[in-house]
Colleague: 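Just passing along the structure, written as structure tokens.
Whatever order the structure lists them in is the order used to number ligands and atoms, beginning at 1.
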Amino acid sequence: MIDQPIQCRVADWIQDKDALKSIRHRVFVEEQKVPVELEWDEYDETATHFIVTLSGQAIACARLKSDGQIGRMAVLTGYRNQGIGQELLRFVLRTAAEKDINEVYLHAQVSAIPFYEKQGFISVGEIFYEADIPHREMLKKIC
Ligand SMILES: CC(C)(COP(=O)(O)OP(=O)(O)OC[C@H]1O[C@@H](n2cnc3c(N)ncnc32)[C@H](O)[C@@H]1OP(=O)(O)O)[C@@H](O)C(=O)NCCC(=O)NCCS
């Protein structure tokens, strides 16, 4: 269990790029076998990125696109199931509200749907596949 407070903050894609890329590579490319060419896209340049640190070490990340899509939510394996993902998601939602985004959406891996339901996201539409992983769209009104 972690015994220090974590810090959630808005990241800088240039300055924090190595840390963000390292987390996403470990979680999505290595662990979940997402093809590396799908992991990085043009939205990384313009999205708002988030980083969580523990004692200065980057352990989790997420991003928010300007159209309200939350994605690339990842917590390193050794730090899961301790509330870090939920705290990060709350921080992302607060930031979206500050940006006057009325509704956020995401493509949830089906296994992670209960994680998002805990913060009021609702599933819509059919299951679809991205990187061979079943997903479902989820929405949440925030303003
Ligand atoms: C999904 C993820 C970000 C959750 O982060 P986390 O720090 O482990 O989550 P938390 O500890 O804050 O919250 C876990 C809570 O959500 C619930 N939950 C439901 N499905 C879950 C799932 N697939 N993964 C994690 N938690 C899940 C847990 O039961 C727990 O509830 P509880 O606190 O009442 O016991 C993390 O597991 C992860 O990085 N997974 C790999 C990447 C991924 O799948 N990202 C999501 C893409 S849509």
Colleague: Could you list the atoms of ligand 1 found under 4.0 angstrom from a heavy atom of Gln32?
Modeller: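 Answer for ligand 1: 41 (C), 42 (C), 43 (C), 44 (O).
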Colleague: Is the backbone N or O of Phe115 less than 3.5 Å from a side-chain atom of Gln86, with the two atoms forming a donor-acceptor pair by type?
Modeller: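 Indeed, once roles are kept as given, a pair shorter than 3.5 Å links the two residues.
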Colleague: Indicate yes or no: does Asp16 engage Lys21 in a salt bridge with an N to O separation below 4.0 Å.
Modeller: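 Salt bridge between Asp16 and Lys21, a charged N being under 4.0 Å from a carboxylate O: no.
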Colleague: Which bit of Lys118 is near ligand 1, meaning a heavy atom under 4.0 Å away: side chain, backbone, both or neither?
Modeller: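 Looking at Lys118 and ligand 1, just side chain atoms fall under 4.0 Å.
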Colleague: Mind checking whether Pro114 has an N or O less than 3.5 Å away from an N or O of ligand 1?
Modeller: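 Among all N and O atoms of Pro114, none is under 3.5 Å from an N or O of ligand 1.
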Colleague: Using a 4.0 Å heavy-atom cut-off, which part of His135 comes near ligand 1: side chain, backbone, both, or neither?
Modeller: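 It is neither; nothing of His135 touches ligand 1.
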Colleague: List every atom of ligand 1 that sits less than 4.0 Å from any heavy atom of Ser111, numbering the atoms from 1 in the order shown and giving each element.
Modeller: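 Answer, ordered by atom number: 20 (N), 21 (C), 22 (C), 23 (N).
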Colleague: With heavy-atom distances below 4.0 Å as the criterion, list the atoms of ligand 1 near Ala74.
Modeller: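 Here the atoms of ligand 1 in question are 39 (O).
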Colleague: Evaluate Gln82 for polar contact with ligand 1, using N/O atom pairs at a separation under 3.5 Å.
Modeller: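 Yes, there is a polar N/O contact under 3.5 Å.
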Colleague: Distance-only, no hydrogens or angles: does the Arg80 side chain make a donor-acceptor pair with backbone N or O of Val75 under 3.5 Å?
Modeller: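 Yes: the side chain of Arg80 pairs with the backbone of Val75.
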Colleague: Under 3.5 Å, N or O to N or O, is Gln86 touching ligand 1 that way?
Modeller: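 Indeed, backbone or side chain, Gln86 has an N or O that close.
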Colleague: Look at atom CD1 of Ile122 and say whether more than 12 heavy atoms of other residues, nucleotides or ligands are closer to it than 6.0 Å.
Modeller: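 Atom CD1 in Ile122 is not packed in, count stays at 12 or less.
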Colleague: Taking atom 7 (O) of ligand 1 as the point of reference, which of Ala112, Ala62, Gly85 owns the nearest heavy atom?
Modeller: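 Considering heavy atoms of Ala112, Ala62, Gly85, the nearest to atom 7 (O) of ligand 1 sits in Gly85.
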Colleague: Tell me the protein heavy atom at minimum distance from atom 8 (O) of ligand 1, and give that distance in Å.
Modeller: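 The answer is Asn81 N, 2.8 Å.
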Colleague: Within the distance-only criterion (no hydrogens, no angle test), does the side chain of Lys140 pair as donor or acceptor with the backbone N or O of Gln119 below 3.5 angstrom?
Modeller: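 Pair found, side chain donor or acceptor close to backbone of Gln119.
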Colleague: With heavy-atom distances below 4.0 Å as the criterion, list the atoms of ligand 1 near Gly83.
Modeller: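 Taking each heavy atom of Gly83 in turn, ligand 1 has 10 (P), 11 (O), 12 (O) under 4.0 Å.
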Colleague: Hey, is Asp44 close enough to Arg24 for a salt bridge, meaning N to O under 4.0 Å?
Modeller: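 Here Asp44 pairs with Arg24 in a salt bridge, since their nearest N and O are under 4.0 Å apart.
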Colleague: Do NZ/NE/NH1/NH2 and the carboxylate oxygens of Lys65 and Asp41 come within less than 4.0 Å?
Modeller: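 Not counted as a salt bridge, because no side-chain N and carboxylate O are separated by less than 4.0 Å.
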Colleague: For Gln109 and Gln32, does a side-chain donor sit closer than 3.5 Å to a side-chain acceptor?
Modeller: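 Side-chain D/A pair, Gln109 to Gln32: present.
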Colleague: Out of Arg80, Arg136, Met73, Arg24, whose heavy atom sits nearest atom 38 (C) of ligand 1?
Modeller: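 Heavy atom nearest to atom 38 (C) of ligand 1 belongs to Arg80.
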Colleague: May I ask you to check if ligand 1 and Val27 share an N or O to N or O distance below 3.5 Å?
Modeller: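 No, since none of the N or O atoms of Val27 sits under 3.5 Å from an N or O of ligand 1.
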Colleague: Does an N or O from Val75, backbone or side chain, lie closer than 3.5 Å to an N or O of ligand 1?
Modeller: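 Yes, since at least one N or O of Val75 sits under 3.5 Å from an N or O of ligand 1.
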Colleague: Do the charged groups of Glu39 and Lys33 touch, with an N to O distance under 4.0 Å?
Modeller: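 No, this pair does not count.
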Colleague: Do His107 and Glu130 have a side chain donor and acceptor closer than 3.5 Å?
Modeller: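 Glu130 and His107 do have a side-chain donor-acceptor pair below 3.5 Å.
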Colleague: Under 4.0 angstrom from atom 24 (N) of ligand 1, is there any protein heavy atom?
Modeller: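 No, because not a single protein heavy atom sits under 4.0 Å from atom 24 (N) of ligand 1.
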Colleague: Any nitrogen or oxygen of Tyr79, side chain or backbone, less than 3.5 Å from one on ligand 1?
Modeller: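 The answer is no, given that Tyr79 and ligand 1 share no N or O pair closer than 3.5 Å.
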Colleague: Kindly state if atom 5 (O) of ligand 1 has a protein heavy atom within a strict 4.0 Å cut-off, that is, under 4.0 Å?
Modeller: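 So far as the 4.0 Å threshold goes, atom 5 (O) of ligand 1 is in reach of a protein heavy atom.
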Colleague: What protein heavy atom is closest to atom 9 (O) of ligand 1, reported as residue, atom name and distance in Å?
Modeller: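 So the nearest neighbour among protein heavy atoms is Phe115 CE1, 3.4 Å.
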Colleague: Taking Phe50's backbone N and O only, do any of them form a donor-acceptor pair with Arg9's side chain (distance below 3.5 Å, no angle check)?
Modeller: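 The answer is no, because no donor-acceptor pair under 3.5 Å joins these two groups.
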Colleague: Keeping the roles fixed (side chain from Ser22, backbone from Asp18), state whether a donor-acceptor pair exists under 3.5 Å.
Modeller: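 Between the backbone of Asp18 and the side chain of Ser22 there is no qualifying donor-acceptor contact (under 3.5 Å).
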Colleague: Judging by distance only, is a nitrogen or oxygen of Glu87 under 3.5 angstrom from one on ligand 1?
Modeller: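 Among all N and O atoms of Glu87, none is under 3.5 Å from an N or O of ligand 1.
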Colleague: Determine whether any protein heavy atom is located less than 4.0 Å from atom 28 (C) of ligand 1.
Modeller: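 Looking at atom 28 (C) of ligand 1, one finds that no protein heavy atom lies closer than 4.0 Å.
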